[in-house]
Amino acid sequence: MQVYTVHIHPGDADPMENAVLIREGFNFWAFLLTGVWALYHRLWLGFVAIVAVSAVSGLLVSLLNGGPEMDFALALLTGIGVGLIGNDLRRRKLAAKGWKMVDIVAGKNVSDAEYRCFANLRSAPSGPVASVPAAYPVPAPNVVSTPSIGSPSYP
């Protein structure tokens, strides 16, 4: 099962029409096609950072008289780094543009996750937009939770 975060733009007439699901975890395409992936998703600052890291690692290879093995190792590390944070970069970009994360769903693939997301919203009591579940429910004021496990403490 893969976990996805659901993002909507609140200014849309039907926010779920243009909902974006972003998978949690490692992004293989960001690892494999680092710069092209950043450009495809319009992550301009991410692309500039990738170019800067590549330039610095190329300069480092030439200063240390490293061979193609060192160049490959640095490119591999850069790709792994972008693969690890790629989906988070997309989430930050959406948040900066005013998109809201409204749900976290799991599914075998993105279609299954979309189905589950819409099923969750359909089962909510009062309309799809007003009933979007909160990311973190607010505990009752008299319940104190322990920070390590989040379970309520009993006197």
Side-chain angles (χ1 to χ4, degrees), residues 1-124 127-138 147-150:
M1 286 280 220
Q2 298 173 354
V3 177
Y4 296 86
T5 56
V6 181
H7 303 266
I8 62 167
H9 194 272
D12 292 345
D14 182 14
M16 292 309 292
E17 180 71 26
N18 296 322
V20 176
L21 276 72
I22 300 176
R23 189 172 62 88
E24 287 286 323
F26 188 79
N27 190 321
F28 177 75
W29 294 111
F31 161 71
L32 190 63
L33 305 170
T34 306
V36 174
W37 178 87
L39 288 176
Y40 176 77
H41 290 288
R42 297 181 181 195
L43 298 169
W44 309 122
L45 292 176
F47 178 74
V48 169
I50 291 166
V51 169
V53 167
S54 297
V56 167
S57 50
L59 181 65
L60 188 64
V61 168
S62 66
L63 287 176
L64 296 175
N65 293 328
E69 297 86 9
M70 185 177 183
D71 193 24
F72 174 75
L74 290 175
L76 185 65
L77 287 175
T78 303
I80 290 172
V82 174
L84 288 172
I85 66 168
N87 291 332
D88 295 328
L89 293 175
R90 289 186 61 204
R91 282 187 201 90
R92 290 180 141 240
K93 178 189 171 197
L94 289 175
K97 288 188 168 195
W99 290 65
K100 304 290 182 206
M101 185 186 83
V102 295
D103 202 2
I104 299 173
V105 293
K108 295 177 185 172
N109 53 31
V110 70
S111 299
D112 187 34
E114 283 176 353
Y115 176 78
R116 287 177 185 221
C117 176
F118 287 118
N120 289 345
L121 291 177
R122 210 176 313 123
S123 66
V129 178
S131 67
V132 172
Y136 299 102
V138 179
S148 62
I149 57 173

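- The minimum heavy-atom distance linking Pro10 with Gly98 is given by the pair CD-O, 3.3 Å.
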task = Begin from the C-alpha positions of Ile104 and Val6 and carry the test side-chain contact (heavy atoms from CB on, under 4.5 Å) through to its verdict.
result = CA-CA 6 Å; Ile104 299 173; Val6 181; over 6 Å; no
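- In terms of heavy atoms, Val105 sits closest to Ala113 at CG2-O, 3.6 Å.
- Put simply, CG on Asp71 and OG on Ser54 are 9.0 Å apart, with the number rounded to the nearest 0.5 Å.
- Of the inter-residue distances, the one linking Trp99 atom CH2 with Arg90 atom CZ reads 10.0 Å to the nearest 0.5 angstrom.
- Leu94 CG to His41 NE2: the interatomic distance, rounded to the nearest 0.5 Å, is 10.5 Å.
- Using a cutoff of 4.0 Å between basic side-chain nitrogens and carboxylate oxygens, Asp112 and Arg116 are scored as salt-bridged.
- Remark: Ile8 CD1 to Asn18 CG distance equals 10.5 Å, nearest 0.5 Å.
- Residue-environment remark: CG (Leu33) exceeds the threshold of 12 foreign heavy atoms within 6.0 Å.
- Residues meeting the ring pair (Phe, Tyr, Trp, His ring centres under 6.0 Å) test with His7, sequence neighbours left out: none.
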key: CA sep, side-chain torsions, deciding dist, call: Asn87, Glu24, side-chain contact (heavy atoms from CB on, under 4.5 Å)   = CA-CA 7 Å; Asn87 291 332; Glu24 287 286 323; over 6 Å; no
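- Residues His9 and Glu17 form no side-chain contact, since every pair of their non-hydrogen atoms from C-beta on lies 4.5 Å or further apart.
- Of all the heavy atoms in Gly83 and Ala30, the pair that sits closest is CA-CB, 4.0 Å.
- Atom CG of Leu39 and atom OG1 of Thr34 lie 11.0 Å apart (nearest 0.5 Å).
- Taking Phe47 as the reference, nothing meets the ring pair (Phe, Tyr, Trp, His ring centres under 6.0 Å) condition, with sequence neighbours excluded.
- The side-chain heavy atoms of Asn120 and Asp103, taken from C-beta on, include a pair separated by under 4.5 Å.
- Rounding to the nearest 0.5 Å places CD1 of Ile22 at 10.0 Å from CG of Leu89.
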request  = Step by step, work out the side-chain contact (heavy atoms from CB on, under 4.5 Å) result for Trp37 and Leu32.
outcome  = CA-CA 9 Å; Trp37 178 87; Leu32 190 63; over 6 Å; no
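- The aromatic rings of Phe26 and Phe31 sit tilted, their planes meeting at an angle between 30° and 60°.
- In this structure Arg23 satisfies the salt bridge (Lys or Arg N to Asp or Glu O under 4.0 Å) test with no other residue, sequence neighbours excluded.
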